Amino acid sequence: MVVTVLGWLRSCGRGLSPIALGLMLCASLAQGEDTIESKLKATDMANADAVFALAEWCKANNLPSKSRQYYSQVIKLDRDHEGARTALGQVKVGERWVAAGNAGATGQANPQGGGKTEAPAATGKVPSTTEVGWNLTVPRDPEPDNPFVSSYVEKLNTLGNDSDELDAAVNTIIKDDLIASGIPRLCAALQRPDFTDLYGASMVVTYLIKPGPRKIPGHTPSPNDRAYALAVLPFLVKASERVDNAEDLATFSMAASQFRDKRVLPRLIELLEHKNPEVQSAAASSISFITTLPMAQVNPASVKVWWSKYANVTDQQMYLGQLKSSEPLQVVAAANALIEFQDKSIIPALIKVLRGSDPQANARAMVLIERLTNSTWGIEPAMKPEERAKRVDLFEKWWKDNGAKYSFPDDPLVASRSAAATTLPTAPIDQSAVWVKDLASVNAAAASAAQNNLEGIGFAAVPALLDGLNDAAGLIRVRSVDLLKRISKKGDIAFDANGTPEQRAAGVAAWRAWADAAVVQEPPATK
C-alpha cells in the first residue's frame, strides 16, 4: 500500500506542514474504494489543507478539472498557499502570483531567495511545431469492419468534460477487447478538422501512461499501455494546434508532458503565450516537468537555452547532468525522472538535498526516499535542522552499508516505462498466416512443414489460405489454392494463380463464396 500512496503523493511535497501531509496521507489510505462524492463528504471545505488534499486526490485519480477547481478553492481560503499555487503553475513576483511562463521575462523574484533570476540569453533554436518530426501514420486497425468502438470515439466530440458519460466512453475505448481498434480510430479521428475534442483523448493517454490507484473497468494494466499512449501522442499534439478551448488545452498540456518527450516543447512554448491564464499555467507546469527547470525559471527564453544544451543527448544523460544542479528543486525533479532508469546516483543526490535548507525540496526529496526505501527514516519536513541532520546521518550510513546491494522496489510507473515497446503492440500472431508465408520459403523443409501443418488443421486454415490467394508471391497463390482443394475436396472452383488481377479476383470471390456457405461437420463430442 505504501508504494501506491506514494505514487500519488510524490509530486505533493511542497513545503507543507506535517498536518497537511498527514491529511493527504489519511485521505489516500482508503482511496481504493473512494468516489468523488465520498471524498467531498469527508472533506472540511473550510480548511485549506483539507481541500488541498482533496485536489491532490482528484489529480491522482485522473480528474484534472476537479483537481484544478479545488486548487482554486484552496487559494480562496489561503491566498498564499504555495502547494496549490505551484500545482496551478504559478510563481510569486513581489506580492503577486502569476503564471510561471509570464514571470521574469526581464527578471523576477526568486522564491528561494538570492535576489532576481534573470532570463538567460537564448543560445539554441527550438524547432517550430511544423518542424517537429511526428509520425502521423494511423496505426493498423485489426477489425476495421467493426463499428462498435467508433461510436464511443465520436462521443468524445460531443460530451462534457469530466462527465460520467465521457468517462464511460474513455473506459470503453481502452477496454482490453477493444483497445487494439480503439487507439487507431482515436488517432484517425484526431486528424479530422471537425473533431475538436482534446479532453477525452488526453484522458485516454493519461490513463494509459500514468499508473495509479484508479481502476479502469474492463482494462487490465499492461506494459503495452505506454505503447498505445505513444501512438496517440503525435495526433494529440497536432490536433491541439486547431483547438482553442482552454480546458481542453490545459488538460492536453498535462497529459502530453507525461511522456517527457522533448518534441512536445515547441507546442508547450506556444501555449505559454495563450490568452487564457489556466492554459499558460498548465503549459508552464508541463515544461517544468519535462525539463526539470524550476517553475520560477520557465519562460520561452529559458527553454531555448535548455534546448541548446539537451536536445541532442539521451534522457538519462540529460537528467544525470541536472542531478548536479545547484537548484535543489531541479535536483529532486531530475532524481524523480531517473527512477525509471534505476540509477543509484539519485540517492546520494537526495541526501545532499536533505542537508540543505529548502523546505519544498526537502519535502519532495522525502517523498522520493520513502518511495524508494519504504521508510521515512524519521525525517519530517518541519523538523529542526539539527534533528533532521541526525536522521539524515543515519540514512546516509545505511546507504553506505547497503547501497551496493540495493535493488529498486517494484514500481508500476517504472514497469510501464521500461517494459513498454515504442511501437503499437500488434494483434496476437496468427500461426496459420505464418505458415502460409512459409509456403514460399527457400528452405524446402520449412515449406514442406508449412504445407503439412496447414493441411493438418483442415478448415481452420481456410481464412489464411483465402488471404494467400491474394498474396504478391505467385508460389504462395499456387500452393494456397492447392491446399484449399485438398481441404475442401472441391476441384471445380476455378482459380488461375498466374492469371490477370481481374481473373484472380473472380477466382478469389468464388472461393470466398464457397467458404461463406460451407458447413463444417464437427466430430461428435467424446463422452
Side-chain angles (χ1 to χ4, degrees), residues 89 99-102 105 119-139 183-184 186-198 201-202 205 209 226-246 248-276 279-293 297-319 321-322 337 422-424:
N102 284 343
T123 60
K125 182 181 182 301
V126 181
S128 67
T129 51
T130 57
E131 293 171 333
V132 176
W134 295 112
N135 179 2
L136 294 171
T137 303
V138 175
I183 294 302
L186 179 60
C187 292
L190 286 167
Q191 286 190 315
R192 297 189 343 238
D194 65 312
F195 193 88
T196 57
D197 170 72
L198 291 182
S202 295
V205 167
I209 200 69
R226 182 173 177 82
Y228 279 123
L230 278 168
V232 178
L233 179 61
F235 301 91
L236 193 57
V237 174
K238 297 305 291 184
S240 78
E241 296 173 17
R242 66 171 186 272
V243 174
D244 198 45
N245 179 280
D248 278 37
L249 287 172
T251 306
F252 153 75
S253 297
M254 301 309 295
S257 70
Q258 297 301 313
F259 298 91
R260 286 198 167 99
D261 191 320
K262 302 182 186 79
R263 294 174 297 172
V264 176
L265 289 173
R267 181 61 183 135
L268 293 176
I269 292 172
E270 291 179 345
L271 294 178
L272 282 178
E273 300 175 350
H274 194 273
K275 61 188 177 184
N276 185 281
V279 176
Q280 296 170 10
S281 296
S285 179
S286 296
I287 289 172
S288 175
F289 184 77
I290 294 170
T291 64
T292 75
L293 286 169
Q297 296 180 15
V298 172
N299 56 60
S302 66
V303 179
K304 290 174 183 177
V305 173
W306 181 93
W307 187 275
S308 69
K309 292 178 64 177
Y310 297 115
N312 296 315
V313 302
T314 67
D315 289 348
Q316 187 171 12
Q317 289 171 331
M318 174 181 71
Y319 293 125
Q322 293 167 342
T422 57
T423 57
L424 194 66

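All values reported here derive from a predicted model rather than from experimental measurement. Heavy atoms only: backbone and side chains are in, while hydrogens, waters and symmetry mates are out.
- Of all non-hydrogen atoms in Phe259 and Arg226, the two that sit nearest each other are O-NH2, 3.8 Å.
- Leu268 CG to Ile290 CD1: the interatomic distance, rounded to the nearest 0.5 Å, is 5.0 Å.
- Across all their heavy atoms, Tyr319 and Arg260 have their closest contact at OH-CD, 2.9 Å.
- Pro139 and Ala231 make their closest contact through CG-CB, 4.1 Å (heavy atoms, listed as atom of the first residue, atom of the second, distance).
- Without hydrogens or angle criteria, Ser286 side chain to Ala282 main chain gives a donor-acceptor distance under 3.5 Å.
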Please lay out, stage by stage, how Gln317 and Tyr310 fare under the test side chain to side chain contact (heavy atoms under 4.5 Å, CB included). CA-CA 9 Å; Gln317 289 171 331; Tyr310 297 115; over 6 Å; no
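- Here the closest heavy-atom approach between residue Thr292 and residue Gln322 is recorded as OG1-OE1, 2.8 Å.
- Of the N and O atoms on the side chains of Ser302 and Gln297, not one donor lies less than 3.5 Å from an acceptor on the other residue.
- Counting only heavy atoms from C-beta outward, the side chains of Pro300 and Glu273 approach each other to under 4.5 Å.
- Separation of atoms CD (Glu131) and CZ (Arg263) is listed at 14.5 Å; rounding is to 0.5 Å.
- For Ser240, the side-chain contact (heavy atoms from CB on, under 4.5 Å) partners are Leu198, Leu249, Phe252, Arg267, not counting sequence neighbours.
- In this structure, Leu233 CG and Asn135 CG are separated by 11.5 Å, a value rounded to the nearest 0.5 Å.
- In this structure, Ala250 and Val279 approach most closely via the heavy-atom pair N-CG2, 4.3 Å.
- In this structure, OG on Ser253 lies 8.5 Å from CG on Leu272, to the nearest 0.5 angstrom.
- Partner of Ile287 under the side-chain contact (heavy atoms from CB on, under 4.5 Å) criterion, chosen from Val298, Val264, Leu271: Val298.
- Under the 4.5 Å side-chain criterion, counting only non-hydrogen atoms from C-beta, Thr291 is not in contact with Trp307.
- Between Asp248 and Thr196, the closest side-chain pair of non-hydrogen atoms is not below 4.5 Å.
- With values rounded to the nearest 0.5 angstrom, Leu136 atom CG is found 9.5 Å from Cys187 atom SG.
- When every heavy atom of Trp306 is checked against every heavy atom of Leu265, the shortest pair comes out as CZ3-CD1, 3.3 Å.
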